Amino acid sequence: MALSIRNKLTGTVSAVQSGEVMATVKTRLTGGQEITAAITREAVDELGLVTGTQVNALIKSTEVALSTEPVPGISIRNQLRGEVTSVTTGAAMATVKISFDGGELTAAITRDAVNDLGLAAGAQVVALIKSTEVSLTTV
């Protein structure tokens, strides 16, 4: 199956916390960082997600925000530290590729944001991703 989603991170489910309708699923990525997905309890059941399940976390590049340092006091659960490997800019938008232990992400952000943050290859960044924007598939 081919997908237009640019970001696919592989890992192992480390915790599942189910609620009435929704659940949070924590996944330890190959490089050791953790990512949280907020998905329906029905999806957890259909995918058979339990601790130890191998999964792929899927994230659209437009759902990845960037910061030059960790952001405390924010509801965004996922803050992945990495290094910019490339920046491609267009008239209004840019794609920023970030590598980190165990994976790579692509962020689609405005050209102004790239300039304001001074992003270039080698820059240290933190990718911010809301848990509601992370989808999971089993491997």
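Both backbone and side-chain heavy atoms feed into the values below; hydrogens, waters and symmetry mates do not. Every value quoted in this text rests on a predicted model; they were computed, and no experiment measured them.
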Scan the side chains in residues 83-91 for donor-acceptor partners under 3.5 Å anywhere in the protein, sequence neighbours excluded, and list what turns up.
unit_1: E83; atom_1: OE1; unit_2: Q124; atom_2: NE2; d: 3.1
unit_1: T85; atom_1: OG1; unit_2: K97; atom_2: O; d: 3.3

Could you give the side-chain donor-acceptor pairs of residues 8-21 under 3.5 Å, partners two or more places apart or in another chain?
unit_1: T10; atom_1: OG1; unit_2: N56; atom_2: OD1; d: 2.9
unit_1: T12; atom_1: OG1; unit_2: Q54; atom_2: NE2; d: 2.6
unit_1: S14; atom_1: OG; unit_2: K26; atom_2: O; d: 3.2
unit_1: S14; atom_1: OG; unit_2: E34; atom_2: OE2; d: 2.8

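In this structure, L29 CG and L80 CG are separated by 6.5 Å, a value rounded to the nearest 0.5 Å. Separating the OG1 atom in T138 from the CG atom in L47 is a distance of 5.5 Å, to the nearest 0.5 Å. Note that OG of S131 and CD1 of I59 are 11.0 Å apart. Values are rounded to the nearest 0.5 Å. How far CD1 of I129 is from CG of N7: 7.0 Å, rounded to the nearest 0.5 Å. In this structure, CZ in R111 is found 12.0 Å from CG in D116, a value given to the nearest 0.5 Å. From E133, atom CD reaches atom OG1 of T62 across 8.0 Å, with rounding to the nearest 0.5 Å.
In this structure the side chain of L58 never reaches within 4.5 angstrom of the side chain of L136, judged on heavy atoms. Two residues are said to be in side-chain contact when any heavy atoms from C-beta on lie closer than 4.5 Å; V125 and L117 fail this criterion. Counting heavy atoms from C-beta on, the side chains of V55 and V25 never come closer than 4.5 Å.
Judged by distance alone, the side chain of R81 and the main-chain N or O of Q79 form no donor-acceptor pair under 3.5 Å. A donor-acceptor distance shorter than 3.5 angstrom exists from the side chain of S67 to the backbone of E69, with no hydrogens or angles considered.
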Starting from the C-alpha separation in whole Å, work towards a yes-or-no answer on side chain to side chain contact (heavy atoms under 4.5 Å, CB included) for I109 and V64. CA-CA 8 Å; I109 62 175; V64 179; over 6 Å; no
Start with the C-alpha gap between T27 and T36, add the side-chain angles, then the distance that decides, and say whether side chain to side chain contact (heavy atoms under 4.5 Å, CB included) holds. CA-CA 6 Å; T27 299; T36 299; over 6 Å; no
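Minimum interatomic distance between T53 and G48 (heavy atoms only, all atoms of both residues): OG1-O, 3.5 Å. Between L66 and A127, the closest heavy-atom pair is CD2-CA, 3.9 Å.
Within the structure, the salt bridge (Lys or Arg N to Asp or Glu O under 4.0 Å) test picks out no pair touching residues 117-130 (sequence neighbours left out).
Taking the side chain to side chain contact (heavy atoms under 4.5 Å, CB included) definition, one finds that A121 meets it with nothing, sequence neighbours left out. A search for side chain to side chain contact (heavy atoms under 4.5 Å, CB included) contacts involving T110 returns M93, D112, A113, not counting sequence neighbours.
As a member of the Ile/Leu/Val/Met/Phe/Trp/Tyr network built from side-chain separations under 4.5 Å, V126 groups with V71, I74, I76, L128.
At most 12 heavy atoms of other shown residues, nucleotides or ligands fall within 6.0 angstrom of atom CG in D101.
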